[in-house]
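Step one of this worksheet: look at the structure below.
All values below were derived from every heavy atom in this structure, side-chain atoms included, with hydrogens, water molecules and symmetry-related copies excluded. Residue numbers start from 1 in every chain, and the chains themselves are labelled A, B, ... in the order their sequence lines are given, proteins ahead of strands.
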There are 2 protein chains.
Amino acid sequence: MTTDVAVDTRTRLLATALRLFTEHGVEGTSLQMIADALGVTKAAVYYHFKTKDEITEAVAEPALRELSRLVDAASQLRRPGARIDHILEGIVDLVLRNRVLVGVLFTDPGIGRAVERSLHGEMNLIGRIHDLLCGPDADAATMVATHVALAGVAMAGGSPTLAELDDETLRTHLLATARRVLGRRHRP
Amino acid sequence: MTTDVAVDTRTRLLATALRLFTEHGVEGTSLQMIADALGVTKAAVYYHFKTKDEITEAVAEPALRELSRLVDAASQLRRPGARIDHILEGIVDLVLRNRVLVGVLFTDPGIGRAVERSLHGEMNLIGRIHDLLCGPDADAATMVATHVALAGVAMAGGSPTLAELDDETLRTHLLATARRVLGRRHRP
DNA sequence: GTCTATACAACGATAGAC
DNA sequence: GTCTATCGTTGTATAGAC
């Protein structure tokens, strides 16, 4: 049975890792630094996670699982328009609630590879979102617009330049911009 | 005086580095791999570049210098509209002519940090482009739209999913999308 | 089950010989 | 301009204490 201490150490480890990642980047954060910040040995870190990649994946995992659930929920909506609205609002919301993580995820190197495995790999989130937003047989214009909207929302949400904007302001403008890119009318 | 052999070795080194970066990522490419591919020693590589970061910067430098010149040229145009058009078309063109590099630059870790130094650092390209596109005292809506447009164009241009689209098709749709994001009419 | 101690090959980087 | 030799540190790995 997993003890409370173990759970706590694992949780603290992930929180510490995220903090160090935002400060020094994934490449710039060594297992030694994480271990020192926790007051344990490098090998103790290695006990909880077999590789450094496992740590970066675990840091990003909660947000990715949420995104996966969002896509599932959107898939079950009947009207294509409702699907697009649901996924667009969900992604903007997800980005806003993870601004720090998203910032690391897209500006900083390192975590990108680990995330890409989830995005293009087993979950194939990118593919599923793409299909949901522009259908299976979309023309080039729609595909490009979808890419610009998704990448733009994600990177703008994590941008240091826009960090000064409060959540509600950023949400409003991200949604409006994304809807304009995808050619959807402004919502009532 | 720099001999022809030295210039050639340096040039071959950068070409080899870019190729290995696209294949294995920046993190996944060691100086040993670059040296082996060139048929020299790791220390020989160090003669041409003092650090690994210097190599990644040198790989990205031509594109960044081009971007800098583009911003300079746009700055000297009188009409704000003409400035925006010039910089938008220039960026799309630049992204298209460097699809491979841009792909590495934004999906792969490692090179990002080196590039960010140029983008936010001495040249402050991001800041200058931002000012050119939305002026010094822009509202939140314009700032968000500008961010989405820039990030979206850059990432969509390097996206593996859109790699199948030919240059002309991608150029047309990237430009149209970016203009729509920024609220500019489609050009005649 | 949780951690420390220890070791190892590979890495980026440096010094000095040719 | 390129080499050999070497450094400190990294990620990874195992053995064994509690």
Side-chain angles (χ1 to χ4, degrees), chain A residues 1-21 23-60 104 108-117, chain B residues 1-21 23-60 104 108-117:
Chain A
M1 163 177 117
T2 316
T3 74
D4 285 358
V5 175
V7 171
D8 187 57
T9 301
R10 214 190 115 103
T11 306
R12 281 197 313 140
L13 200 158
L14 289 179
T16 303
L18 176 57
R19 180 173 56 81
L20 291 174
F21 286 170
E23 288 173 14
H24 312 102
V26 176
E27 284 190 276
T29 304
S30 67
L31 297 185
Q32 192 68 63
M33 291 166 69
I34 298 176
D36 289 349
L38 285 170
V40 294
T41 320
K42 205 169 58 163
V45 173
Y46 199 77
Y47 167 76
H48 292 282
F49 300 93
K50 267 181 266 300
T51 68
K52 190 181 179 182
D53 269 17
E54 247 184 48
I55 299 181
T56 66
E57 283 176 25
V59 166
V104 181
D108 185 291
I111 206 168
R113 292 236 151 231
V115 167
E116 250 178 68
R117 259 192 298 276
Chain B
M1 165 178 119
T2 315
T3 73
D4 284 359
V5 175
V7 170
D8 188 57
T9 301
R10 214 190 114 103
T11 305
R12 281 196 316 139
L13 200 159
L14 288 179
T16 304
L18 176 56
R19 181 173 56 80
L20 291 174
F21 286 171
E23 289 173 14
H24 312 101
V26 176
E27 283 189 275
T29 303
S30 69
L31 297 183
Q32 192 68 65
M33 291 166 68
I34 298 176
D36 289 350
L38 285 171
V40 294
T41 319
K42 204 169 57 163
V45 173
Y46 266 101
Y47 169 76
H48 293 280
F49 299 94
K50 268 181 264 299
T51 67
K52 190 182 179 181
D53 269 17
E54 245 184 50
I55 298 181
T56 66
E57 283 176 26
V59 165
V104 181
D108 184 291
I111 205 167
R113 292 239 151 229
V115 168
E116 250 178 69
R117 259 191 300 275

- Message: Starting the side chain at C-beta, find the nucleotide from dT2(D), dT14(D), dT4(C) nearest to V40(A).
- Response: dT4(C)
- note: Q32(B), atom CD; dA9(C), atom P; distance rounded to Å ~ 15 Å
- Task: With DNA chain D as reference, determine whether Y46(A) or G39(B) sits nearer its 5' end, using the nearest nucleotide of each.
- Result: G39(B)
- Query: E54(B) has an atom CD; how far is it from atom C1' of dT14(C), in whole Å?
  - Reply: 14 Å
- Nucleotide of dC11(C), dT4(D), dT10(D) approaching K42(B) most closely (side-chain heavy atoms): dC11(C)
- Message: Does a side-chain N or O of Y47(A) approach OP1 or OP2 of dT2(C) to a distance below 4.0 Å, or not?
- Response: yes
- NZ on K42(A) to CG on D36(A), rounded to 0.5 Å: 10.0 Å
- Rounded to the nearest angstrom, tell me the gap between atom CD in E27(B) and atom C1' in dA10(C). 15 Å
- Task: Whole angstrom is fine here: how far is it from CZ in F49(B) over to C1' in dT2(D)?
- Result: 16 Å
- Nearest of dG11(D), dG12(C), dT2(D) to any side-chain atom of K52(B)? dG12(C)
- Protein-nucleotide distance (L31(B), atom CG; dT10(D), atom P), rounded to Å: 16 Å
- Item | Over all atoms of both residues, closest heavy-atom pair of A44(A) and V40(A) | CB-CB, 3.9 Å
- How long is the line joining CG of D8(B) and C1' of dT2(D), in whole Å? 15 Å
- Hey, does I55(B) have a side-chain heavy atom less than 4.5 Å from the side chain of V45(B)? yes
- Message: I'd like to check L31(A) versus F49(A) (side-chain heavy atoms, cut-off strictly below 4.5 Å). Are they in contact?
- Response: no
- Between dT2(D), dA13(C), dT2(C), which nucleotide has the shortest distance from any of its atoms to the side chain of T51(B)? dA13(C)
- Of all the nucleotides listed (dA13(D), dG12(C), dT2(D)), which has the minimum atom distance to the side chain of A43(A)? dA13(D)
- Query: Within a strict 4.5 Å, meaning less than it, do heavy atoms of the Y47(B) and T9(B) side chains meet?
  - Reply: no
- Query: Quick one: which of dG12(C), dT4(C), dC3(D) gets closest to the side chain of T41(A)?
  - Reply: dT4(C)
- So, is H48(A) close to the dG1(C) phosphate, meaning a side-chain N or O under 4.0 Å from OP1 or OP2? no
- To the nearest angstrom, how far is I34(B) atom CD1 from dA13(C) atom P? 11 Å
- Item | d(CG, L38(B); P, dT2(D)) in whole Å | 10 Å
